[in-house]
Participant: 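Structure in structure tokens, see below.
Throughout, residue positions are numbered sequentially from 1 according to the sequence presented.
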Amino acid sequence: MKGRWIKKLFLTFALLSLLVIGAVGAAGYYLTRPLAIEFSQAPNVVEAEEANRKLKLLSQAQSSRKQGFIRFNEVEINSFLDGKYHGDATNAPVRLLKAGLLLGEGNLTFVTWHQAVVYGVNLPFVWQRVIAPQRTTNGWSFSVQSMRVGEVEIPEGHWPTVEKVLGATDALFAERKEWLKTLPLVTLASNEESKTPEVRLYTYLPEEKSKVNETVTE
């Protein structure tokens, strides 16, 4: 009887171990599974130059206190990010490979591609955060509305854990975040002609009822 009980206990333990290993393997698969992120257009040098041109005009407008705003479409933003933040040359445990934005209605999705060393193995992770512009006492910031790693939706209570692991690379964007805080207004809108989403960066705070303003760029 004792031998049967030990055998049954061993089989139960083995089955539970297989279930745990299977669950961990499945979770790892969905966390690290490559994702096909559909940008409206692939980043390119021409659009990166256009983005930098607009940023220069915005800086000049701020210096001369000219009232207006600039528009950034999705490809311009992604081309700028691709040219400035493509690859992290450090030997950190988690490295940033590239970054991009998906513009939506009222929010945007910040996508970062990472490579992390886990038990000596390089594993890829795609981190997605749905964020929206939010006015604070210290200028403009972007509040997180939802988060995914790979195909896994991360519950809000676990966001700090993910940020602790992958968020170190956010330091690369710190200067740009601080710059955004200095702008009077950051909005998401639809282009009047193409009807596609765009980000607008203002040099002044327009009246809420008036959305017809002189632009910094043509």
Side-chain angles (χ1 to χ4, degrees), residues 16 19-40 72 74 77-78 80-82 84-86 88 90 92-119 121-190 196-201 208:
L16 288 174
L19 289 174
V20 170
I21 293 172
V24 171
Y29 171 75
Y30 286 110
L31 285 170
T32 62
R33 185 179 181 182
L35 300 179
I37 305 298
E38 295 293 336
F39 290 121
S40 60
F72 279 113
E74 189 175 285
I77 295 173
N78 288 325
F80 172 80
L81 291 174
D82 189 67
K84 194 171 180 64
Y85 303 103
H86 193 98
D88 176 7
T90 67
V94 178
R95 297 177 58 222
L96 176 73
L97 300 180
K98 61 179 180 177
L101 282 181
L102 293 167
L103 300 186
E105 295 293 334
N107 58 37
L108 49 87
T109 302
F110 184 43
V111 187
T112 49
W113 286 259
H114 302 262
Q115 187 177 77
V117 180
V118 180
Y119 297 111
V121 179
N122 290 324
L123 295 178
F125 291 93
V126 180
W127 187 17
Q128 299 181 66
R129 285 168 282 179
V130 177
I131 57 180
Q134 184 179 42
R135 183 80 179 183
T136 68
T137 55
N138 190 30
W140 285 88
S141 65
F142 291 89
S143 60
V144 179
Q145 299 179 329
S146 66
M147 183 183 295
R148 298 173 68 91
V149 177
E151 294 186 349
V152 180
E153 185 78 26
I154 307 299
E156 186 173 353
H158 294 287
W159 291 357
T161 302
V162 175
E163 289 169 349
K164 186 176 181 180
V165 177
L166 300 178
T169 55
D170 280 352
L172 296 171
F173 306 99
E175 182 181 355
R176 189 56 54 179
K177 287 181 180 179
E178 290 301 314
W179 174 77
L180 283 172
K181 289 181 181 179
T182 67
L183 298 177
L185 183 62
V186 178
T187 65
L188 294 170
S190 294
T196 56
E198 63 183 22
V199 175
R200 296 181 183 179
L201 307 180
E208 287 295 325

Participant: I'd like to check the side chain to side chain donor-acceptor pair (under 3.5 Å) partners of Glu74; sequence neighbours left out, ordered by chain and number.
Facilitator: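 Glu74 satisfies side chain to side chain donor-acceptor pair (under 3.5 Å) with Ser40 once adjacent residues are dropped.
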
Participant: Listed by chain and number, what are the side chain to side chain donor-acceptor pair (under 3.5 Å) partners of Thr112, not counting sequence neighbours?
Facilitator: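 By the side chain to side chain donor-acceptor pair (under 3.5 Å) rule, Thr112 matches His114.
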
Participant: Flag the pair Glu178 and Arg176 as a salt bridge only when some basic side-chain nitrogen lies within less than 4.0 angstrom of an acidic carboxylate oxygen.
Facilitator: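 Salt bridge: no.
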
Participant: List for me each residue that meets side-chain contact (heavy atoms from CB on, under 4.5 Å) alongside Thr161, sequence neighbours excluded, and say none if there are none.
Facilitator: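 Thr161 satisfies side-chain contact (heavy atoms from CB on, under 4.5 Å) with no residue once adjacent residues are dropped.
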
Participant: Are side-chain heavy atoms of Leu185 and Leu201 found at a separation under 4.5 Å?
Facilitator: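 Side chain of Leu185 against side chain of Leu201, heavy atoms only: no contact under 4.5 Å found.
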
Participant: Tell me whether Trp113 contacts the main-chain N or O of Phe125 through its side chain, where contact means a donor paired with an acceptor under 3.5 Å.
Facilitator: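 A pair under 3.5 Å: no.
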
Participant: Roughly how far, to the nearest 0.5 Å, is the CH2 atom of Trp127 from the CE atom of Met147?
Facilitator: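 That separation rounds to 5.5 Å.
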
Participant: If you measure from CG on Asn107 to CD1 on Ile131, what distance do you get to the nearest 0.5 Å?
Facilitator: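 One finds 9.0 Å between CG of Asn107 and CD1 of Ile131.
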
Participant: What closest approach, in Å, do Arg200 and Ser190 show between heavy atoms, and which atom pair accounts for it?
Facilitator: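 So the minimum-distance heavy-atom pair works out to NH2-O, 3.6 Å.
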
Participant: Mind checking the CZ-CD spacing from Arg129 to Glu163? Nearest 0.5 Å is all I need.
Facilitator: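 One gets 6.5 Å once the value is rounded to the nearest 0.5 Å.
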
Participant: Just to verify, what does Glu105 make a side chain to side chain donor-acceptor pair (under 3.5 Å) with, not counting sequence neighbours?
Facilitator: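 Glu105: no side chain to side chain donor-acceptor pair (under 3.5 Å) contacts found.
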
Participant: Heavy atoms only: give me the nearest Pro197-Gly104 pair and the separation to one decimal.
Facilitator: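 Scanning both residues, the minimum pair turns out to be CB-O, 3.9 Å.
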
Participant: Can you give me the closest heavy-atom contact between Leu81 and Gly100, atom names plus distance?
Facilitator: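 Taking every non-hydrogen atom into account, CD1-CA, 3.9 Å.
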
Participant: For residues 163-188, which residue pairs pass the ring pair (Phe, Tyr, Trp, His ring centres under 6.0 Å) check, not counting sequence neighbours?
Facilitator: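 Passing the test, one end in residues 163-188: Tyr85-Phe173, Phe110-Phe173.
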
Participant: Out of curiosity, Ile77 CD1 to Glu198 CD, how far, rounded to the nearest 0.5 Å?
Facilitator: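 One finds 9.5 Å between CD1 of Ile77 and CD of Glu198.
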
Participant: Could you pull out all residues at least two apart from Thr196 that satisfy side chain to side chain donor-acceptor pair (under 3.5 Å)?
Facilitator: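 Expected list: Ser194.
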
Participant: Flag yes if more than 12 heavy atoms outside Glu175 fall under 6.0 Å of its CD atom; otherwise flag no.
Facilitator: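 Atom CD in Glu175 is not packed in, count stays at 12 or less.
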
Participant: With side chains defined as the heavy atoms from C-beta onward, is the minimum distance between Thr182 and Leu180 less than 4.5 Å?
Facilitator: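 Side-chain contact under 4.5 Å: no.
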
Participant: Roughly how far, to the nearest 0.5 Å, is the NZ atom of Lys98 from the CG atom of Asp82?
Facilitator: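 Spacing of CG (Asp82) from NZ (Lys98) equals 7.5 Å.
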
Participant: Heavy-atom distance under 4.5 Å between the side chains of Gln128 and Val149, does that happen here?
Facilitator: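 Not touching, per the 4.5 Å side-chain cut-off.
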
Participant: Quick check for you: to the nearest 0.5 Å, what is the distance between Asn78 atom CG and Phe39 atom CZ?
Facilitator: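 Between atom CG of Asn78 and atom CZ of Phe39 there are 4.5 Å.
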
Participant: Any side-chain heavy atom of Val126 within less than 4.5 Å of one from Val111?
Facilitator: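 Touching, per the 4.5 Å side-chain cut-off.
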
Participant: If you define the side chain from C-beta out and look only at heavy atoms, does anything of Leu188 sit under 4.5 Å from Leu108?
Facilitator: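 Yes; the side chains approach each other to less than 4.5 Å.
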
